Amino acid sequence: MNHLQSLLHDGLISTGHIEHAAIIRRKDSSLRASSPSFVLDPDELSYIVKLFREPTVLRSEGFTLSSTGIDYQCLRSDKNSIYARGENEPGGVIIVKTNTLVIVATYSSTMYPSILCGSC
């Protein structure tokens, strides 16, 4: 298990507050680590990285992740983070951009991902 895979599992998935997660390298939109049942194809990886380019459009139109099959309504977006909830599904997604990576984490209605913000 590489260090990013360990970070993803130990820091996010094992808490029970995140359902699925992935780490994407921004430079080439390549998948660096993901939870076992979270399958992202190359087009979706690129799409997720590009979500940060137009935050105002994102806030008004929302977005869809084909890996989850859910349409998301954006609650908040800025240059480093996107918070969204499922439009017709419980739960949501948090996407965070760092200098070199993008971290994607989904959660269900019974999970509380905001608890993890204290450990960041």
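Model, not experiment: these values are computed from the prediction.
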To the nearest 0.5 Å, what is the distance between [atom1] on [X] and [atom2] on [Y]?
X	Y	atom1	atom2	answer
R85	C74	CZ	SG	10.5 Å
S81	F52	OG	CZ	7.0 Å
D78	R76	CG	CZ	4.5 Å
I94	I18	CD1	CD1	5.5 Å
I13	Q5	CD1	CD	9.0 Å
E61	Q73	CD	CD	13.0 Å

Report yes if some heavy atom in the side chain of [X] is under 4.5 Å from a heavy atom in the side chain of [Y]; otherwise report no.
X	Y	answer
V102	I23	no
I95	I48	yes
I24	R32	no
Y47	D41	no
I82	F63	yes

Taking CG in N80 as the centre, count heavy atoms belonging to other residues, nucleotides or ligands within less than 6.0 Å. Is the count above 12? yes
Around atom CD of E54, are there more than 12 heavy atoms of other residues, nucleotides or ligands at under 6.0 Å? no
If you take all heavy atoms of [X] and [Y], which pair is closest and at what distance?
X	Y	result
G86	Y72	N-CD2, 3.8 Å
S67	F38	OG-CE1, 3.6 Å
L4	L101	CD2-CD1, 4.2 Å
L12	A21	CD1-CB, 4.1 Å
S34	L31	OG-CD2, 3.9 Å

Would you check if the side chain of [X] reaches a backbone N or O of [Y] as a donor-acceptor pair within less than 3.5 Å?
X	Y	result
K97	K79	yes
T68	I70	yes
R26	T98	yes

Pair S46, D43: side-chain N/O donor-acceptor within cut-off below 3.5 Å: no
Whether the E19 and S108 side chains hold a donor-acceptor pair (N or O, under 3.5 Å, no angle test) is what I'd like checked. no
Is there a continuous path of hydrophobic side-chain contacts, each under 4.5 Å between heavy atoms, that joins V93 to V49? yes
Could you see if I103 belongs to whatever hydrophobic cluster contains L58? Use Ile, Leu, Val, Met, Phe, Trp, Tyr and a side-chain cutoff under 4.5 Å. no
